[in-house]
Asker: 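Could you have a look at this structure, given as structure tokens, before my questions?
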Amino acid sequence: MRDSSDRWPRWVYGVGEEPDARFSLANERTFLAWIRTGLALIGAGVALIAVGTLSAEHEPAAALAAGLLIAGGIGCGVTGFVRWAGNERRLRLRAPLPASVMMPVLVAVLVSVGLTALFFALPGG
């Protein structure tokens, strides 16, 4: 049996007691969902940069939207790790899990990009 004190990060695994494996695995799946979302946002931002350069008229808006998407993707990756670690630690300490601060930020990013795309998709935009 492996001692939890030799797992990384120690500040997560070095406290409390081992939780039910189902909860740890669910926490890990949620982390992977944040990572997938981040990769999708970064990929969409890179694609938007490539497409945005096709029209000089819309290039500044495409660059702004792409920047928001890429920043949102990076934020998802960081948030995924921070939430995973915090939730795992709380599970080990039998403490309540916190609400997510990143969810409304991510929604704001996606709404901003969507409105920008809608504006420029309309005739005369």
Side-chain angles (χ1 to χ4, degrees):
M1 179 89 174
R2 189 171 171 180
D3 181 19
S4 63
S5 65
D6 64 342
R7 292 192 291 184
W8 183 88
R10 185 165 286 154
W11 61 273
V12 171
Y13 291 113
V15 299
E17 58 188 49
E18 197 70 28
D20 185 332
R22 293 173 294 181
F23 300 124
S24 288
L25 292 172
N27 188 31
E28 186 175 325
R29 284 190 300 273
T30 303
F31 164 71
L32 293 172
W34 278 101
I35 295 299
R36 281 191 306 271
T37 302
L39 286 171
L41 289 173
I42 291 170
V46 169
L48 193 53
I49 289 171
V51 171
T53 58
L54 298 177
S55 167
E57 181 184 354
H58 297 313
E59 192 171 349
L64 174 65
L68 286 171
L69 286 169
I70 292 169
I74 292 168
C76 279
V78 171
T79 297
F81 179 77
V82 170
R83 283 186 55 86
W84 167 82
N87 288 344
E88 187 67 27
R89 186 175 168 89
R90 285 178 180 91
L91 287 171
R92 298 178 70 78
L93 295 172
R94 298 186 184 271
L97 300 179
S100 175
V101 177
M102 184 62 172
M103 286 184 199
V105 171
L106 189 56
V107 168
V109 166
L110 293 178
V111 167
S112 299
V113 170
L115 290 175
T116 302
L118 181 63
F119 176 76
F120 284 101
L122 295 173

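Positions are given from 1, in the same order as the sequence printed here.
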Asker: Side-chain heavy atoms under 4.5 angstrom apart, residues restricted to Ile, Leu, Val, Met, Phe, Trp, Tyr: same cluster for Val105 and Ile70?
Answerer: no
Asker: How are the rings of Trp84 and Phe31 set relative to one another: parallel (under 30°), tilted (30 to 60°) or perpendicular (over 60°)?
Answerer: tilted
Asker: Please identify each residue that fulfils side-chain contact (heavy atoms from CB on, under 4.5 Å) with Ala66, with sequence neighbours left out.
Answerer: Leu48, Ile49
Asker: Supply the atom-to-atom distance Leu64 CG to Glu59 CD, rounded to the nearest 0.5 angstrom.
Answerer: 12.5 Å
Asker: For a quick test of reading the model, state the closest non-hydrogen atom pair linking Met102 to Thr79 and the distance between them.
Answerer: CG-OG1, 3.3 Å
Asker: For Ser112 and Leu68, which heavy atoms make the closest approach, and how far apart are they?
Answerer: CB-CD1, 4.0 Å
Asker: To the nearest 0.5 Å, tell me how far Leu91 CG sits from Ser24 OG.
Answerer: 6.0 Å
Asker: If the test is side chain to side chain contact (heavy atoms under 4.5 Å, CB included), which one of Asn27, Val15, Leu97 qualifies with Arg90?
Answerer: Leu97
Asker: In this structure, would Phe81 and Leu32 fall into the same cluster of hydrophobic residues linked by side-chain contacts under 4.5 Å?
Answerer: yes
Asker: Please find the pair of heavy atoms, one from Glu88 and one from Pro19, that lie closest to each other, and give the distance.
Answerer: OE2-CG, 3.8 Å
Asker: Go through Thr30 and Trp34 one step at a time and tell me if the side-chain contact (heavy atoms from CB on, under 4.5 Å) criterion holds.
Answerer: CA-CA 6 Å; Thr30 303; Trp34 278 101; 4.0 Å; yes
Asker: Any chain of hydrophobic side-chain contacts (each under 4.5 Å) joining Val111 to Leu118?
Answerer: no
Asker: Can you give me the closest heavy-atom contact between Cys76 and Thr37, atom names plus distance?
Answerer: SG-CG2, 3.9 Å
Asker: May I ask you to decide whether Arg92 forms a salt bridge with Glu18, counting only side-chain N to carboxylate O separations under 4.0 Å?
Answerer: yes
Asker: Run the side-chain contact (heavy atoms from CB on, under 4.5 Å) check on Leu106 and Leu41 step by step: do they pass?
Answerer: CA-CA 10 Å; Leu106 189 56; Leu41 289 173; 3.5 Å; yes
Asker: Let me check something: do Val82 and Trp8 share a hydrophobic cluster, defined by ILVMFWY side-chain heavy atoms less than 4.5 Å apart, either directly or through other members?
Answerer: no
Asker: Applying salt bridge (Lys or Arg N to Asp or Glu O under 4.0 Å) as the test, list every pair that has at least one member in residues 22-36; sequence neighbours left out.
Answerer: Asp20-Arg22
